[in-house]
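Take a look at the structure set out below.
Letters A, B, ... are given to chains in the order of the sequence lines, protein chains preceding strands, and every chain is numbered from 1.
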Amino acid sequence: SQKIEQNSEALNIQEGKTATLTCNYTNYSPAYLQWYRQDPGRGPVFLLLIRENEKEKRKERLKVTFDTTLKQSLFHITASQPADSATYLCALDIGSSNTGKLIFGQGTTLQVKP
Amino acid sequence: NAGVMQNPRHLVRRRGQEARLRCSPMKGHSHVYWYRQLPEEGLKFMVYLQKENIIDESGMPKERFSAEFPKEGPSILRIQQVVRGDSAAYFCASSPRQGATVYEQYFGPGTRLTVT
């Protein structure tokens, strides 16, 4: 069955540094991959979507890469701030014809220290 | 434009009772998804609905769980005869998906169900 793995350990970095989160998947060839942010007690918030034919996508301080050969996506936050502290989830659409049936990784918790 | 709305935000039920969770998608969105998040676990897909149709319910437990999205009104996730293992956060998401075009999903704040 399809499986997504994210760094299970929390990532602690200093303010101003670049945070890099990893998402690996197996047994699937997704047409696209998404990243979400989730704060405690709240619903996930969409951040970025990258398609299989896109190597890289950027939005402000965020950058996502997608390597379909390695079956891996990297999520970068540059010039990190304490407000970036949250859990970050990657998600794949495993529905037939990309129906939006998402499977999520466990998430990586990022802590940015001032 | 109001976001996805869910109510109640917190729901406490005794074992054996019924739980009804409501979700109003964002204006203009006709696709609704329900997910469950158990403590210390990731989000799990349950069901995908369009107006008056269940498109994919492969993540729903076979018994006690049902979902609907009527022509008028919110989407409802119904859990009959709740058990302690049903305690979780239930999230609804909506999408403006049209045809084969993929869109992101917008999540509600969730309903936290506690079964005592």
Point to revise | Heavy atoms of other groups near R112(B) CZ, more than 12 under 6.0 Å | key: yes
Check your understanding: Is it the case that one hydrophobic cluster holds both V47(B) and F107(B), taking links as side-chain heavy atoms less than 4.5 Å apart, direct or via other members?
Key -> no
Exercise for review: Report yes or no: do I76(B) and Y90(B) belong to one cluster of Ile/Leu/Val/Met/Phe/Trp/Tyr joined by side chain heavy-atom distances under 4.5 Å?
Suggested key: no
Study note, to complete from the structure: What one should report as the nearest heavy-atom pair of Y33(B) and G100(A) is CE2-O, 3.2 Å
Review point. So how far is it from F104(A) CZ to E41(B) CD, rounded to the nearest 0.5 Å?
Key: 14.5 Å
Review point. Same hydrophobic cluster for L62(A) and L110(A), using side-chain heavy-atom links shorter than 4.5 Å among ILVMFWY?
Key: yes
Check your understanding: Under 3.5 Å, is there a donor-acceptor pair linking the side chains of Q105(B) and Q34(A)?
Key -> no
Exercise for review: Could you tell me which portion of L89(A) (side chain, backbone, both or neither) has an atom closer than 4.5 angstrom to a non-hydrogen atom of chain B?
Suggested key: side chain
Review point. Quick check: are there more than 12 heavy atoms from other residues, nucleotides or ligands sitting under 6.0 Å from CD of Q50(B)?
Key: yes
**Study point:** Structural part of Y35(B) lying under 4.5 Å from a heavy atom of chain A
**Key:** side chain
Exercise for review: Walk me through it: do Y48(B) and K101(A) pass the test side chain to side chain contact (heavy atoms under 4.5 Å, CB included)?
Suggested key: CA-CA 7 Å; Y48(B) 163 37; K101(A) 176 182 176 180; 5.9 Å; no
Point to revise | K17(A), NZ atom: more than 12 neighbouring heavy atoms under 6.0 Å | key: no
**Study point:** Region of I103(A) in contact with chain B, defined by heavy-atom distances below 4.5 Å
**Key:** neither
Practice item. Inspect the surroundings of CD in E63(B) and state if more than 12 heavy atoms from other residues, nucleotides or ligands are less than 6.0 Å away. Key: no
Check your understanding: Mind checking whether M46(B) and V115(B) sit in one hydrophobic cluster, side chains of I, L, V, M, F, W, Y counted as touching below 4.5 Å?
Key -> yes
Revision key, fill the gap. Filtered by a 4.5 Å non-hydrogen cutoff, the part of residues 4-16 of chain B contacting chain A is R9(B)
Practice item. Look at the side-chain heavy atoms of Ile, Leu, Val, Met, Phe, Trp and Tyr, link any pair under 4.5 Å apart, and say whether I13(A) and L74(A) land in one connected group. Key: no
Check your understanding: Checking heavy atoms, do the side chain of Q6(A), its backbone, both or neither come under 4.5 Å from chain B?
Key -> neither
